[in-house]
Asks: 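For reference, the structure I am asking about is given below.
This is a predicted model, so every value here is computed, not measured. Only this structure's heavy atoms are used, side chains among them; waters, hydrogens and symmetry mates stay out. Each ligand, and each atom within it, is numbered from 1 in the order the structure gives.
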Amino acid sequence: MNAQELWKTAYHQLELQLDRASFETWLRGASLLAVDGDVFVIGVRNDYAREMLQHRLYRNVRRVLSDVTGRPVELRFEVNKAPVPQMATKEDALVQMPLFQFMARQEPIETPVPLHQQILRPERAPLPDSDLNGKYTFERFIPGNENQMVFAAAQAVADMPGGTYNPFFIYGGVGLGKTHLLQAIAHRCRMRNQRAIYVPSEVFINDLVDAIRQKTTAMFRDKYRSCDVLLVDDIQFIAGKESSQEEFFHTFNALYTFNKQVVLASDRPPRDLQTLEARLRSRFEGGLVIDIQAPELETRTAILYQWAKESNVSLQPSTCEMIASKARTNVRELEGIFNQIVATIRLSGSTITPMLTDDILDGYRRPRHRVTLKQVLETVAGYHGLSIEDLAGPKRNGPINQARQIAMFLAREYTTASLPQIGDAFGGRRHSTVLHSCSKVEEEIQTSDAYAGVVNYLRERLVKLK
Ligand code: ADP
Ligand code: MG
């Protein structure tokens with residue numbers, strides 16, 4: 001590509017990435033006047049645009065142009081004296097007004113106002129907290145020695161989004177606390193009234209598909225590009241999905257250009273995301289990539305101890321240690337075991353003995369083979385005396401609803417099906433319905449021992465299936 005073509009490409013990327021208002025006001029019609037060594041000389045329409053670009057948008061434009069060129073470049077903005085009649089807009093008239101002329105002569109502002117505050121944007125209602133789990137906070141996360149670094153980094157990101165660690169990429173096995181940390185970041189940012197959007201990547205993908213189908217892609221873009229912090233969970237599901245990757249790439253660039261924070265979680269490091277486009281992979285690797293480790297014995301004990309305290313169950317430290325030494329699994333399983341122990345203590349009034357712990361751990365063993373959606377439907381329907389058609393169909397009475405929620409929850413826990421696949425198995429319900437059901441069940445398990453007992457019983461049935 002020659003220099004003019006490089007500039008054209010960068011110009012179009014900037015058009016995509018900058019907010020419309022700033023692009024239209026400052027960059028529309030800008031042209032490449034000359035290349036002077038590493039310096040690209042860009043002609044702009046007036047003094048005001050030159051000032052804004054030189055002092056406030058310099059880094060954004062340079063980053064895009066350097067990307068396109070493949071080497072670091074510098075910029076100089078000059079007022080393009082050639083008349084460009086098609087650009088005589090209202091704004092042009094506006095900048096000829098004395099105030100603007102005065103501003104254009106001002107010294108550059110020392111500490112520029114954050115860009116997102118300069119750009120006019122409609123006021124948006126704050127995000128509802130219902131999409132976050134209230135318990136996934138930093139205060140409730142016990143890092144242990146093995147996860148000190150990822151814990152510290154997550155807090156640094158939450159305290160200074162868009163700072164040094166951008167993007168921030170956490171990877172590790174299931175049930176180790178990735179979602180917990182992502183949501184903790186979101187909680188903290190929202191406390192400062194920053195707009196933090198948390199989405200599982202499946203939801204991002206589905207939103208995009210819906211937007212394309214309903215021709216509302218502009219709204220989709222607006223939603224995902226207008227936040228201060230975007231947290232995408234389980235990003236591995238986006239690998240191999242071309243149009244979603246493409247859109248995510250642009251979303252990512254748009255946010256990154258404005259120093260907005262992007263946080264990602266995945267079950268494996270970027271390099272192992274086989275079907276991920278190279279340009280996305282290199283973006284992910286360009287930030288801070290940290291793995292999250294399985295908790296050591298000491299950490300597992302501390303976690304159990306905290307949970308016992310929170311649920312007002314008296315578990316001696318020695319008992320916690322005994323359970324922790326036997327449950328060498330991930331934290332999600334530890335949680336399942338803990339809930340079952342609590343239910344046992346409450347139901348039987350018994351104290352917890354080593355033998356009882358063994359029994360519970362035996363019962364909780366995970367299935368060696370993943371179970372199928374059909375097996376989940378059959379097991380849950382059978383237990384509740386329902387037909388599979390009832391369970392998967394449109395009926396909405398209380399008991400059916402509850403059984404259906406449990407079935408969705410177990411499908412998420414024990415099968416490899418994605419949220420949309422689970423939704424399909426339940427008569428074409430939406431992924432968000434599945435997600436909602438799962439959190440509902442989690443909540444119920446916490447509040448009702450009888451309910452937890454039913455879920456655990458069904459778990460055992462599924463575990464024992466061949
Ligand atoms: P992942 O997203 O990595 O699969 P989650 O974030 O869903 O894992 O964690 C599973 C469960 O374990 C959640 O209930 C979470 O609160 C809990 N958990 C994980 N790690 C910790 C930790 N270090 N301290 C306290 N709770 C934890
Ligand atoms: Mg998770």
Asks: Consider ligand 1: state whether an atom of it lies below 4.0 angstrom from any non-hydrogen atom of Gly175.
Replies: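 Contact check Gly175 vs ligand 1: positive.
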Asks: Do Phe23 and Tyr11 have ring centroids that are under 6.0 Å from one another?
Replies: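 Distance test on ring centres: under 6.0 Å, yes.
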Asks: As an exercise, state the distance from OG1 of Thr216 to CG of Asp222, rounded to the nearest 0.5 Å.
Replies: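 Taking OG1 in Thr216 and CG in Asp222, the distance rounds to 11.5 Å.
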Asks: With rounding to the nearest 0.5 Å, note down the distance linking CD1 in Ile422 to OG1 in Thr415.
Replies: 5.0 Å
Asks: Out of Lys178, Gln306, Glu335, Arg332, whose heavy atom sits nearest atom 3 (O) of ligand 1?
Replies: Lys178
Asks: Is there a side-chain contact between His384 and Gln402, using heavy atoms and a 4.5 Å cut-off?
Replies: no
Asks: I need the contact type for Ile303 against ligand 1. Using non-hydrogen atoms and a strict under-4.0 Å cut-off, is it side chain, backbone, both or neither?
Replies: side chain
Asks: Taking it one step at a time, do Arg140 and Tyr136 satisfy side chain to side chain donor-acceptor pair (under 3.5 Å)?
Replies: CA-CA 7 Å; Arg140 287 195 73 254; Tyr136 291 175; over 6 Å; no
Asks: Looking at Asp210 and Arg430, does any basic side-chain N land under 4.0 Å from a carboxylate oxygen?
Replies: yes
Asks: Under the rule for salt bridge (Lys or Arg N to Asp or Glu O under 4.0 Å), what residues qualify as partners of Glu247, not counting sequence neighbours?
Replies: Arg221, Arg225
Asks: Can you tell me how far apart CG (Asn253) and CZ (Phe258) are? Round to the nearest 0.5 Å.
Replies: 11.5 Å
Asks: If you have a sec, work out which protein heavy atom is nearest atom 25 (C) of ligand 1 and how many Å separate them, to one decimal?
Replies: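 Looking only at protein heavy atoms, the one closest to atom 25 (C) of ligand 1 is Arg140 O, 3.3 Å.
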Asks: Compute the shortest N/O to N/O distance between Ile142 and ligand 1 and return yes if it is under 3.5 Å, no if not.
Replies: yes
Asks: I need the nearest protein heavy-atom contact for atom 8 (O) of ligand 1: residue, atom name and distance, please.
Replies: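 Checked against all protein heavy atoms, atom 8 (O) of ligand 1 sits closest to Gly177 N, 3.0 Å.
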Asks: Give the ring-plane orientation class for Phe338 versus Trp307, where under 30° counts as parallel, over 60° as perpendicular and anything between as tilted.
Replies: tilted
Asks: Give the numbers and elements of all ligand 1 atoms closer than 4.0 Å to a heavy atom of Val174.
Replies: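 Selected atoms, number and element: 4 (O).
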Asks: In terms of atom number and element, which parts of ligand 1 are under 4.0 angstrom from non-hydrogen atoms of Val331?
Replies: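 The list of qualifying atoms is 12 (O), 17 (C), 18 (N), 19 (C), 20 (N), 21 (C), 27 (C).
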Asks: Is the closest N or O pair between Pro143 and ligand 1 shorter than 3.5 Å?
Replies: no
Asks: Any non-hydrogen atom of Gly173 lying under 4.0 Å from ligand 1?
Replies: yes
Asks: Hey, which atoms in ligand 1 end up nearer than 4.0 Å to a heavy atom of Leu176?
Replies: 1 (P), 3 (O), 8 (O), 19 (C), 20 (N)
Asks: Of Phe151, Phe141, Trp307, Tyr136, which has the heavy atom at the shortest distance from atom 21 (C) of ligand 1?
Replies: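 Checking each option, the heavy atom nearest atom 21 (C) of ligand 1 is found in Phe141.
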Asks: What are the atoms of ligand 1, with element, lying closer than 4.0 Å to any heavy atom of His180?
Replies: 6 (O), 15 (C), 16 (O)
